[in-house]
J.: 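This structure is in structure tokens; I'll ask about it shortly.
What you see is a predicted model, and the numbers here were worked out from it, not measured in a lab. Labels below follow one simple rule: chain letters A, B, ... track the order of the sequence lines, proteins then strands, and each chain is numbered from 1.
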Amino acid sequence: MMASIDLSVGSVVGLSAVIVAYFMQSNGLIAAPAGLLSGAFLGALVGVIYAKMKVPSFIVTLGLLVAGHGMMLHITEGRPIMIKDETMRWIGSGDIAGVPTIVIVALVAFALAYVIQNHTILGRSIVAIGGGEMVAQRSGIRIDRVKIGTFALAGLYSGLAGIVLASRMGAGSPTAGTGLELDVIAAVVIGGTPLTGGMGGVVGTIIGALIITILSNGLNLAGVSSYSQLIIKGAVLVIAVVISIDRKKIGVIK
Amino acid sequence: MSDMTASTPSLRSGMNFDRLRTYFPFMVLILVCIGFAIFSDQFVSARNLETVLRQASVLSIAAMARPSSS
């Protein structure tokens, strides 16, 4: 909604997964918050470079995408770090009263994101900045602070996704999260958040994520090759943008 | 009078397009589900539903805060 692009999601998710697995070797489950902290720190770092140094978010996050993969390879030395903690593995593969634990974690994360978006000053400020930064600034919103906070929050969620991914895989893999950024952007756009900002929300994004997942799942069941799946996913993404784009708001397309 | 009658259909089509944009994700989700349910019996099984939810969880969490920054 802030009209920024974040290409670093896959790297931050993967790096958080690797950091959690690394620290869990000696500290057990108590190391789990390390994934959240590393995600939030990287998000805040991106936010500071983007907001204070005026570097386009596309460039900063592209840099982190590449650097993050390097850091993952350094920490893992190219080999997966296995997670032996049973509680951690239960998060990824267990259930509570028949509902997968991982789904409950996602629902709690959704509830928090919904409240932040609709019932906090940060959420309303994000919508205002996406709608028009100059107007938002003149109405008293501290633009830089909101941008940094937004990227830190996005990083925190990436950190949580990293913990969940590590628990699901039972390891911190050097290739964890690879290519996730494209699925995330597709989910956000298909969910109705235009890249021009000012609109959209978490409910649409959940729907977008479900569409992307169901597409992959259904195409797998139908025996469609992975190559053809990429073509179909790409076509769905472009059609979603064609329908969701607000042409009145855009003057010149470059 | 003629101006009013000329502008009303375009205004109405604009509103319809806005509504289409709002409900587009839901429509796609329903269409995709119906489509795969027709083509594959396995798709509507409880086991596959659980698999989809597990797979969607990581992507959902990673994407959730992105409407803010995308």
J.: Which heavy-atom pair separates B:Arg54 from A:Val103 by the least distance, and what is that distance?
T.: N-CG2, 4.3 Å
J.: At a heavy-atom separation under 4.5 Å, does A:Leu215 approach chain B through its side chain, its backbone, both, or neither?
T.: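 Its backbone and side chain both get close to chain B.
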J.: Of A:Asn220, A:Leu221, A:Asn217, which meets side chain to side chain contact (heavy atoms under 4.5 Å, CB included) against B:Gln42?
T.: A:Leu221
J.: Would you mind checking which part of B:Ser40 comes under 4.5 Å of any heavy atom in chain A, side chain (CB onward), backbone (N, CA, C, O), both or neither?
T.: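 Only the side chain of B:Ser40 comes within 4.5 Å of chain A.
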J.: Do you know which of A:Leu210, A:Thr213, A:Val9, A:Thr205 makes side chain to side chain contact (heavy atoms under 4.5 Å, CB included) with B:Leu59?
T.: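 Of A:Leu210, A:Thr213, A:Val9, A:Thr205, side chain to side chain contact (heavy atoms under 4.5 Å, CB included) with B:Leu59 is met by A:Thr213 alone.
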J.: Do you know which two heavy atoms are closest between B:Pro25 and A:Ile211, and how far apart they sit?
T.: O-CD1, 3.4 Å
J.: Please name the pair of heavy atoms, one in B:Ala63 and one in A:Val188, separated by the smallest distance, quoted to 0.1 Å.
T.: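 Answer, listing the atom of B:Ala63 first, then A:Val188: O-CG2, 4.0 Å.
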J.: For chain B, find which of A:Ser158, A:Ala109, A:Pro100 contributes the most heavy-atom pairs closer than 4.5 angstrom.
T.: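 Option with the greatest count: A:Pro100.
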J.: Tell me, out of A:Ser93, A:Ser216, A:Gly47, who's got the most heavy-atom pairs with chain B below 4.5 Å.
T.: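 The option with the most such pairs is A:Ser93.
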J.: Going through the checks in order, is the side-chain contact (heavy atoms from CB on, under 4.5 Å) test met by A:Ile214 and B:Cys33?
T.: CA-CA 7 Å; A:Ile214 288 172; B:Cys33 286; 3.8 Å; yes
J.: A:Val13 versus chain B, heavy atoms under 4.5 Å apart: side chain, backbone, both or neither?
T.: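 Just the side chain, heavy atoms under 4.5 Å.
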J.: If I measure from the heavy atoms of chain B, does A:Leu219 come under 4.5 Å with its side chain, its backbone, both, or neither?
T.: both
J.: Side chain from CB out, backbone as N, CA, C, O: work out which of these in B:Phe43 comes under 4.5 Å of a heavy atom of chain A, or both, or neither.
T.: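 Both the backbone and the side chain of B:Phe43 come within 4.5 Å of chain A.
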